[in-house]
Each structure stands twice: as C-alpha cells, then as structure tokens.
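These notes are about the structure you will find just below.
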There are 2 protein chains.
Amino acid sequence: MDATAVQQVRAFNRTVAERIGALTDGFLGRGRPMGESRTLWEIGLGGTEIRDLRARLGLDSGYASRVLRSLEQEGLITVETSSGDGRVRYVQLTDAGRAERAELDRRADEVAWSFLEPLDAAQRDRLVTAMSDVQRLLLASMVDMAIEDPTTPDARWCIEQYFSELNTRFETGFDPSKSIPADTHELVPPRGALLIARLRGGPIGCGALKFHPGEPAELKRMWVAPEARGLGLGRRLLVELERHAKEAGTRVVRLETNRTLSEAIQLYRSSGYREVAAFNDEPYAHHWFEKRLR
Amino acid sequence: MDATAVQQVRAFNRTVAERIGALTDGFLGRGRPMGESRTLWEIGLGGTEIRDLRARLGLDSGYASRVLRSLEQEGLITVETSSGDGRVRYVQLTDAGRAERAELDRRADEVAWSFLEPLDAAQRDRLVTAMSDVQRLLLASMVDMAIEDPTTPDARWCIEQYFSELNTRFETGFDPSKSIPADTHELVPPRGALLIARLRGGPIGCGALKFHPGEPAELKRMWVAPEARGLGLGRRLLVELERHAKEAGTRVVRLETNRTLSEAIQLYRSSGYREVAAFNDEPYAHHWFEKRLR
DNA sequence: GCAATTCTCTGACTAAGGTCAGGAAAATGG
DNA sequence: CCATTTTCCTGACCTTAGTCAGAGAATTGC
C-alpha cells in the first residue's frame with residue numbers, strides 16, 4: 001500500500017467531493033428534493049417500468065411510490081398499468097415532465113461548464129484529458145471478476161456476445177458448430193472454469209479454461225465488451241485465469257486464435273505467450289500460443 | 001461552451017460521485033452520523049476553539065452544539081471554557097477520541113487504497129497522475145478574483161506575504177522602505193487597483209495597478225501563495241489586471257522586476273511584455289518590461 | 001460603567017430520505 | 001384451481017441534518 005499514492009487519492013477525493021457536491025446539490029434541485037429530480041431524470045424520454053426504475057436507483061418500493069406520487073401531482077409524469085403484466089406499472093413523462101428534464105439537462109451542462117469556464121484553453125484540455133483518464137481507471141477499478149456457473153443467463157449472454165463478435169470480425173464469419181466445441185458443462189469445475197468480469201453488477205467480459213489432466217490447459221472464450229475496452233480488463237482476465245490454472249495444478253496453458261483478433265494476439269505476446277506449431281485443427285485458427293506458468 | 005468537453009465532465013462527475021459516495025458514506029460512518037465523524041476529524045489532535053470549528057465546517061451554532069454534546073456523551077471529546085476568553089469554548093479529543101480519529105484515518109486510507117488495489121502498477125501510476133492533474137485544475141477553477149479594498153486585513157496580509165517573499169528571494173534581502181513605495185491609498189480606485197485571488201474564501205494571491213493618467217500604468221505586487229503555484233494563477237491575475245487597466249483607459253502597462261524572480265520574468269515575456277530600458281531607479285530592479293494593450 | 005456585541009447553548013421546528021409491515025391485485029407453478 | 005410469488009401502494013415510523021428564536025454569560029467599545 002503506497003502511502004503517497006493513497007494520500008494523493010485522498011486529496012483528490014476531498015477536492016472533487018467538495019466541488020461536485022457544492023455545485024450539483026441545490027443547483028439541480030429546482031425547488032424539489034434531489035430524489036425527485038434524479039427519478040425524473042432516470043425515467044428518461046421513453047418511460048420505464050417502475051420495477052426497473054427502482055432497481056436502477058436502488059429505491060425502496062414504498063419510497064419510490066411516494067416519490068412518483070409527488071411527481072404525478074406536479075403533473076410531470078403519468079403512471080399506468082403495463083400492458084403485458086397487470087402487476088407492473090409503467091411511468092412516462094408528460095410534456096411538462098420532458099420540459100423539466102430538459103431543464104435539468106441544461107443545468108447539468110452548466111455545472112459542468114462552470115468547471116471549465118475559469119480555465120484557459122490549455123488548462124481546459126488538460127482537465128478534460130485528466131478527467132477522462134481518471135474516469136476510465138476508476139471504472140476499471142470498479143470491475144470485479146469471479147469464477148461463475150456457465151449456465152446462468154449472464155454467462156450465456158457473454159458467450160453469445162463473444163460468438164457474435166467473432167462472426168463480425170472473422171473474414172469468413174463464424175459458425176460455432178464448425179469450431180472445436182467447449183460446451184458449458186466442460187467449463188464447470190473441476191473440468192474447466194468460466195471467469196466473468198462485472199461492472200455495477202452487469203457482465204462485461206469473460207474468459208474460460210478447459211483442463212486436461214497431465215496435459216496443457218486450454219484458454220477459451222476471451223472477450224471484453226466493446227464499451228469496456230482499453231481498461232486493461234483483457235490482461236486482468238488473463239492474469240486471473242493463469243492464477244486459477246496454476247492453483248489447479250496446470251503447468252502449461254495454450255490457446256489458438258484468429259489473425260483478425262490483433263489486440264488479443266498483442267496481449268498474448270506481451271504476456272509471455274510464445275507462438276507454437278498448430279496443436280489442434282481448429283478451422284478458424286491462424287495462430288497457436290503457449291505459456292509455461294511459474 | 002464546448003459540448004464534448006462538457007459531456008466528458010458530466011461523465012466524470014457521475015462516475016466519481018458514484019465511486020466516492022458509495023465508499024466514503026457508511027464506511028467512514030462507524031455507526032455514528034457522518035456529521036459527527038467529520039467534526040471529530042476536524043477537531044484535530046491539538047484541539048480547537050468551537051467558533052473556529054464552526055467556521056471551518058460551516059455549521060450553525062445550535063447544530064454544532066448538539067453534535068459536540070453527542071460526541072461528549074460518547075466520551076470522545078472534552079469541552080472546557082477557553083483560558084483567554086470566557087465566552088469561547090475549547091474542545092479537545094480524549095484518548096478514546098484520538099483512537100477513534102486514528103481509526104477514521106485508517107479507514108480513509110483503506111477507501112483510497114481500494115481505488116488503486118484492483119489496478120496494475122502502470123495503471124496505478126496513471127490514475128495517481130491523472131487525479132493530481134484533475135485536483136490541481138479543479139482547485140484552479142475554484143479560485144475567483146476581484147478588485148478589493150487594499151486596507152482590509154486580507155489585503156494587507158497578501159502584501160506582507162509578498163514583501164516577505166521578496167526578502168527571502170533577493171540576494172540582498174528586501175526592505176520596503178528602500179524601494180519605490182506604493183502605499184495602500186495609491187491602490188484605491190481611481191488612482192489604482194488591488195486585485196485579490198481567493199480560494200475557499202481565503203486570499204491566495206494578488207496583483208496591483210497604479211494609474212498615471214496619460215502615461216503607462218504600473219503593474220505592482222504580483223504574488224501567488226506558494227501552495228497555489230502551478231495553477232496558472234499568475235497568468236490569470238495578469239490577464240485580469242490588463243483587462244482592468246484597459247477598461248480604465250490605459251494603453252501601456254509597465255513594470256520592473258528583480259532577476260531572482262525567474263517564473264515572473266518568464267510569465268511577462270510569454271504574455272507579450274518586452275524588455276525596455278530602465279524607466280525608474282528602483283534599486284531592487286534588474287529588468288524593466290512594457291506591454292501595449294490592445 | 002453601561003450598551004452593544006460575541007459566543008454558546010437550549011428548545012421548537014422542518015425537510016429530506018429513508019425503513020418496515022401489511023395488504024390488494026395480478027401472475028405463476030405445479 | 002389453489003398456493004405462492006411478484007409488484008405496487010399505504011400508513012406508521014425513523015434518523016440525519018439542519019434552521020430559527022431566544023436567553024445567559026463574557027467581553028468590548030466608547
């Protein structure tokens with residue numbers, strides 16, 4: 001635990017909390033409690049089901065109900081029973097609600113501008129760049145990874161995303177049935193493992209291992225959601241999978257990959273993988289890599 | 001108002017508020033309201049007068065009194081009448097209070113570390129660097145400047161700081177009585193102007209103008225507090241003083257300076273000042289500069 | 001010496017942001 | 001079809017973080 005780094009983070013937290021807090025509170029209040037403004041914002045232009053809204057904002061159902069009642073009385077929203085399921089209620093902005101939301105938007109822009117306005121052009125550039133760095137790295141630090149059951153909807157979703165990305169990127173397209181399979185039951189410990197990366201509860205990446213006792217383990221299904229790229233998650237997934245493989249007694253990890261996946265190839269090379277001769281007849285593969293764990 | 005920059009600032013605010021808020025609240029609560037924890041922290045190891053404490057935390061006197069009563073009942077602080085002034089009360093941490101404060105400190109460190117811990121060494125470095133940039137630039141954007149009365153204690157304090165800095169930096173030391181004077185009454189409009197920069201209410205820099213109708217105005221007393229250097233305040237003071245001078249009808253600004261003040265000389269050169277022959281016999285000056293305003 | 005001011009405390013009040021238990025209505029599982 | 005679950009609402013209650021008016025004691029200004 002690096003003490004000067006920690007002190008810098010604490011100084012940052014103090015300054016930023018002071019600056020953001022002072023401005024957003026009150027300024028975005030518009031005479032109504034912040035909770036109502038946040039809710040109004042979160043409903044969005046298209047409307048939402050109340051249960052979704054509650055989940056997104058983390059509200060108690062009683063509290064949410066009262067907040068919505070208050071917004072309804074102000075004439076900003078309408079609430080009606082959802083067409084599909086009679087228990088679920090659907091909330092939408094009225095014209096007045098949309099106008100109010102636009103005003104909140106305008107004010108949030110103004111708050112943001114007040115950060116930049118006192119600075120000269122060079123300082124503004126530096127601030128925006130540094131903010132984007134901080135934001136991306138904070139997002140990265142909010143991601144956590146765990147070995148999960150490959151049969152859950154989230155796990156299946158990740159693997160589907162992976163396949164659909166391969167299909168887009170390979171010159172030939174990608175048909176899973178023509179590739180060497182790695183069925184979900186092969187990814188359940190002790191035969192294998194599926195590692196899922198999550199941000200704010202939602203899945204944003206995965207990677208898998210297939211163990212072959214006495215032989216090298218295979219690395220499969222490495223995927224990171226497009227919006228989460230550039231955060232170093234690929235490397236973290238890889239490190240974590242290698243750690244896991246080693247704990248399971250694996251000495252060597254190997255993998256095959258397609259030539260269009262250049263970032264992945266880069267990652268493997270820079271992580272100590274060396275290219276070896278084809279060790280299987282995967283039709284979509286152009287490169288085969290291997291790494292001895294230590 | 002640059003829209004993409006504004007969007008980046010908003011994205012930053014959301015992410016950072018989410019991350020900092022979620023962690024600091026509760027984690028630093030220790031079963032007592034945040035207000036009490038903040039107060040406990042702010043009292044510090046040496047103790048404080050309640051009126052100072054109130055000013056620093058911006059608390060209502062009634063509210064502060066209740067918070068302190070509660071901390072007193074928990075056995076964390078003692079409150080006694082100040083020795084000097086019988087109205088003022090002095091608050092100090094007990095041993096238990098100091099232990100509690102140390103625990104808060106430890107937890108704040110832990111929160112900060114939780115930002116860094118998931119990242120690898122290179123990412124940590126980038127995060128700390130970017131945070132320090134953001135923090136400095138946000139501080140810069142919190143500074144505001146105004147023409148103020150040069151006779152107030154804050155104004156006098158700035159000018160004293162300026163003199164004491166000259167005294168430290170000049171090879172010969174600095175004695176104001178041997179220098180060409182610029183008495184406070186000469187810095188009152190319309191004869192002159194004193195610009196003061198403030199951060200969180202406290203003065204952190206100054207700069208002055210002396211007008212000579214029909215002749216160049218003189219720039220004097222440019223000073224920025226050491227802890228606020230590197231924020232571009234010198235340049236902002238200069239720009240603001242030039243703007244003010246121009247509004248007052250001045251065409252040319254000039255100044256003299258000592259060779260040891262290299263950052264200032266840099267600033268003048270890069271702001272369009274060109275060196276001219278000595279236009280006065282200021283004994284402490286080595287360089288004379290002039291700029292035509294437009 | 002006395003009026004005005006400063007500092008602290010108490011009591012009464014408020015708003016915001018919740019939590020919790022229970023009930024009604026609709027949907028679902030077997 | 002019936003028990004269980006899901007979704008939402010209502011009423012009762014709570015803590016936190018204040019604000020405001022007023023009073024008492026000490027100090028300061030003149």
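B/V91 places none of its side-chain heavy atoms less than 4.5 Å from the side chain of B/T39. Using a 4.5 Å cut-off on side-chain heavy atoms (C-beta onward), B/V88 and B/R51 make contact. Side chains of B/C206 and B/L194 form a contact here, defined as non-hydrogen atoms less than 4.5 Å apart.
Among pairs with a residue in residues 60-69 of chain B, those fulfilling side-chain hydrogen bond (donor to acceptor under 3.5 Å, both in side chains) read B/R69-B/E72, at least two apart in sequence or across chains.
The distance between atom CZ of A/R51 and atom P of C/dA26, rounded to the nearest whole Å, is 16 Å.
Residues passing the salt bridge (Lys or Arg N to Asp or Glu O under 4.0 Å) test with A/R87, sequence neighbours excluded: A/D85. Residues that satisfy the salt bridge (Lys or Arg N to Asp or Glu O under 4.0 Å) test with B/R38, not counting sequence neighbours, are absent from this structure.
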Checking A/E117 against A/R124 for the salt bridge (Lys or Arg N to Asp or Glu O under 4.0 Å) test, could you report, in this order, the C-alpha distance in whole Å, the side-chain angles of both residues, the deciding distance, and whether it holds? CA-CA 8 Å; A/E117 196 251 289; A/R124 279 178 202 167; 5.6 Å; no
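In 5' to 3' order, the nucleotides of DNA chain D bounding all contacts with chain B (an atom under 4.0 Å from a heavy atom) are D/dT16 to D/dT27.
Of the residues in residues 79-91 of chain A, those with a non-hydrogen atom less than 4.0 angstrom from any atom of DNA chain D are A/R87, A/V88, A/R89. For the segment residues 58-78 of chain B, the set of residues with a heavy atom within less than 4.0 Å of an atom of DNA chain C comprises B/S61, B/G62, B/S65, B/R66, B/R69, in numerical order.
A donor-acceptor pair is defined here as one N or O able to donate and one able to accept, closer than 3.5 Å; such a pair exists between the side chain of A/R56 and the backbone of A/E42.
Note that CG of B/D133 and CG of A/L127 are 9.0 Å apart. Values are rounded to the nearest 0.5 Å. B/R10 contributes atom CZ, which lies 5.0 Å from atom CG of A/D109 (distance to the nearest 0.5 angstrom).
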